[in-house]
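Worksheet: the structure to be examined is printed underneath.
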Amino acid sequence: MENIGIIGIGGWGRNLLRTMRNLAGSNLTMACDLDSKRTSAAEHTYPGLITTQRPEDILENDDIKAVVIATPPSSHYELASKAMKNGKDVLVEKPLALSVSDGEKLLKESEELDRILMVGHIMVYHPATLYLKDLIKSGELGDIRYIYSSRVNLGKVRSIENSWWSFAPHDISIILYLLDAPLVRASSTGAAYLQDGIEDVVFTTLEFGDGIIAHIHVSWLDPHKERKVTIVGSKKMVVFDDTEATEKIRIYDKGADRNLDYDTYGEYMSIRSGDIVIPRIPGGEPLAAECTHFLKCIETREKPRSDGRAGLITLRALDAAQRSLGQGGAPVEIKA
Ligand SMILES: NC(=O)c1ccc[n+]([C@@H]2O[C@H](COP(=O)([O-])OP(=O)(O)OC[C@H]3O[C@@H](n4cnc5c(N)ncnc54)[C@H](O)[C@@H]3O)[C@@H](O)[C@H]2O)c1
């Protein structure tokens, strides 16, 4: 297996480092962080791991064939671009970049240089998301009508990106993965209470080409911890609650149907309220599945499930909603 390096071993990078080091068949040999406390701690935990405070030691190292980037989003473009130009495959944390033009450049570079560009959209490696995808494909839910999700809790308040850029990549990536419809428009409202210009709470509506709408609520200023996605289909409805330890998915045989042959209004509309099914979802840590997928893509050269294109569409949604926030909630079109 090719040698892998990681750049950024802070709060989240530490998890990627641990997961990559524990995976059979993975060869993560070098770790970089600007902060020497982080590199010393990593050296101590993983004997034999080579550490550095200079990203170039990894980016310009011919023995390293793939790089995991878990630095703050402002450095994603520069580090991912340099890594690919130096012949390396890349797994970059979400969001792919901070501007749509940087995201477009990264996608183009990955195609021209024939490098794997994967974005850390961890939720598309979650067994429950994969279950939902199969459920929708099987037709059991009928036509998808709308989706809403909430990702709220109290804390970790960030000071560079707002709650939208911090949390919503998860919700957007789930929704885009589940729906085959094109995303056309975003409108967003939100408010900054704790820090000037950094929204703590954001409510966004995404509109898709065939009439499906999706609503996302994110906040780090909320009394609840919620990680929930509700999908309403023409036949059935389903809720994915990621805060549940085991019963993460509930399928509701509920709906409303119009009868064409009716005499009274009561007969015109019939409400169905049948069984609730809680399916068994296979276990497995999403981050381990994500890292395993990256290793497989490096080997087989297949496109990652969360490839540069998925990263770019997510980025376009993030950007359109942010512009809408700045325009008092006016709808902003999203380029196809
Ligand atoms: N997938 C997830 O569930 C998830 C969860 C949290 C964070 N993230 C993502 O992970 C990334 C990092 O977030 P975090 O919470 O770990 O941030 P963090 O601030 O805790 O850690 C970032 C680390 O990167 C280091 N760093 C910064 N610039 C660097 C550079 N140029 N070269 C080398 N090291 C550098 C910092 O010293 C720090 O240790 C972000 O993109 C974030 O969106 C993903």
Side-chain angles (χ1 to χ4, degrees), residues 5-20 28 30-43 45 49-61 64 67-83 86 88 90-99 102-103 106 117-126 128-129 149 151-153 155-174 177 198 218 220 225 227 242-243 285-291 293-294 304-306 310-311 314-315 318 322:
I6 182 167
I7 304 179
I9 46 171
W12 187 248
R14 264 199 308 250
N15 295 332
L16 279 156
L17 173 60
R18 170 185 48 80
T19 306
M20 278 287 187
L28 195 145
M30 274 189 93
C32 166
D33 200 291
L34 300 181
D35 183 344
S36 61
K37 286 198 282 306
R38 307 264 198 212
T39 51
S40 305
E43 264 175 28
T45 312
L49 178 73
I50 302 164
T51 68
T52 173
Q53 285 160 256
R54 293 171 10 105
E56 310 82 64
D57 291 344
I58 288 182
L59 297 172
E60 294 167 8
N61 185 331
I64 301 280
V67 181
V68 178
I69 298 168
T71 57
S74 55
S75 51
H76 287 181
Y77 170 72
E78 197 190 332
L79 293 171
S81 174
K82 270 193 195 155
N86 286 336
K88 302 179 198 320
V90 168
L91 164 57
V92 59
E93 254 316 319
K94 56 82 188 163
L96 171 62
L98 281 183
S99 73
D102 281 352
L106 285 178
L117 174 62
M118 175 165 153
V119 189
H121 289 166
I122 188 168
M123 292 307 292
V124 304
Y125 300 93
H126 194 304
T129 309
S149 74
R151 194 166 297 274
V152 301
N153 64 333
K156 165 168 188 175
V157 177
R158 297 197 181 241
S159 54
I160 298 174
E161 76 243 46
N162 62 14
S163 58
W164 174 247
W165 285 79
S166 180
F167 295 151
H170 295 304
D171 305 281
I172 298 170
S173 63
I174 297 173
Y177 178 64
I198 311 234
V218 292
W220 52 47
K225 177 167 175 141
R227 304 269 178 275
D242 206 10
T243 59
E285 196 200 338
L287 189 57
E290 177 189 312
C291 292
H293 187 70
F294 183 52
R305 191 178 303 148
S306 52
T314 304
L315 188 52
L318 287 167
Q322 182 66 46

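When a ligand or atom number is given, it counts from 1 through the structure's own listing order.
- Residue Arg38 approaches ligand 1 through these ligand atoms, each under 4.0 Å from one of its heavy atoms: 39 (O).
- The nearest protein atom to atom 32 (N) of ligand 1, hydrogens excluded, is given as Pro55 CG, 3.5 Å; this is a heavy-atom distance.
- Under the side-chain contact (heavy atoms from CB on, under 4.5 Å) rule, Lys225 has a single partner from Asn153, Val152, Asp242, which is Asn153.
- Scanning all protein heavy atoms for the shortest distance to atom 7 (C) of ligand 1 gives Trp12 CB, 3.5 Å.
- Distances below 4.0 Å separate heavy atoms of Gly8 from the following atoms of ligand 1: 24 (O).
- Considering backbone and side-chain atoms together, Cys32 places no N or O closer than 3.5 Å to any N or O of ligand 1.
- Within the 4.0 Å heavy-atom shell around ligand 1 one does not find Gln53.
- The side-chain contact (heavy atoms from CB on, under 4.5 Å) test with Ser149 singles out one residue from Asp171, Val218, Ile172, Ile174, and that residue is Asp171.
- From Glu93, atom CD reaches atom CG of Leu79 across 13.0 Å, with rounding to the nearest 0.5 Å.
- Among protein heavy atoms, the minimum distance from atom 43 (O) of ligand 1 is reached at Lys94 O, 2.8 Å.
- Residues Ala70 and Gly8 approach most closely at CB-O, 3.5 Å, considering heavy atoms.
- Looking from atom 28 (N) of ligand 1 to the surrounding protein, the closest heavy atom is Leu34 CD1, 3.6 Å.
- Proximity to His170 (heavy-atom distance under 4.0 Å) selects the following atoms of ligand 1: 1 (N), 2 (C), 3 (O).
- Of the protein's non-hydrogen atoms, Asp33 OD2, 3.5 Å is the one closest to atom 38 (C) of ligand 1.
- Protein heavy atom in closest approach to atom 21 (O) of ligand 1: Gly10 CA, 3.4 Å.
- Of the protein's non-hydrogen atoms, the one nearest atom 44 (C) of ligand 1 is Glu93 OE1, 3.2 Å.
- Between Leu315 and Trp165 the shortest side-chain heavy-atom distance falls below 4.5 Å.
- If you check each of Ile160, Val119, Ile122, Ile7 against atom 33 (C) of ligand 1, the one with the closest non-hydrogen atom is Ile7.
- Classified by interplanar angle (parallel below 30°, tilted 30° to 60°, perpendicular above 60°), the ring pair Tyr125/His293 is tilted.
- Using a 4.0 angstrom heavy-atom cutoff, His76 counts as in contact with ligand 1.
- Side chains of Leu96 and His76 form no contact here, defined as non-hydrogen atoms less than 4.5 Å apart.
- Interface of Pro72 with ligand 1, defined as ligand atoms under 4.0 Å from a residue heavy atom, comprises 22 (C), 24 (O), 27 (C), 28 (N).
- By the definition of a contact as any protein heavy atom under 4.0 Å away, atom 19 (O) of ligand 1 is not in contact.
- In terms of heavy atoms, Gln53 sits closest to Leu34 at NE2-O, 3.4 Å.
- Scanning the protein heavy atoms around atom 13 (O) of ligand 1, the nearest turns out to be Arg158 NH1, 4.1 Å.
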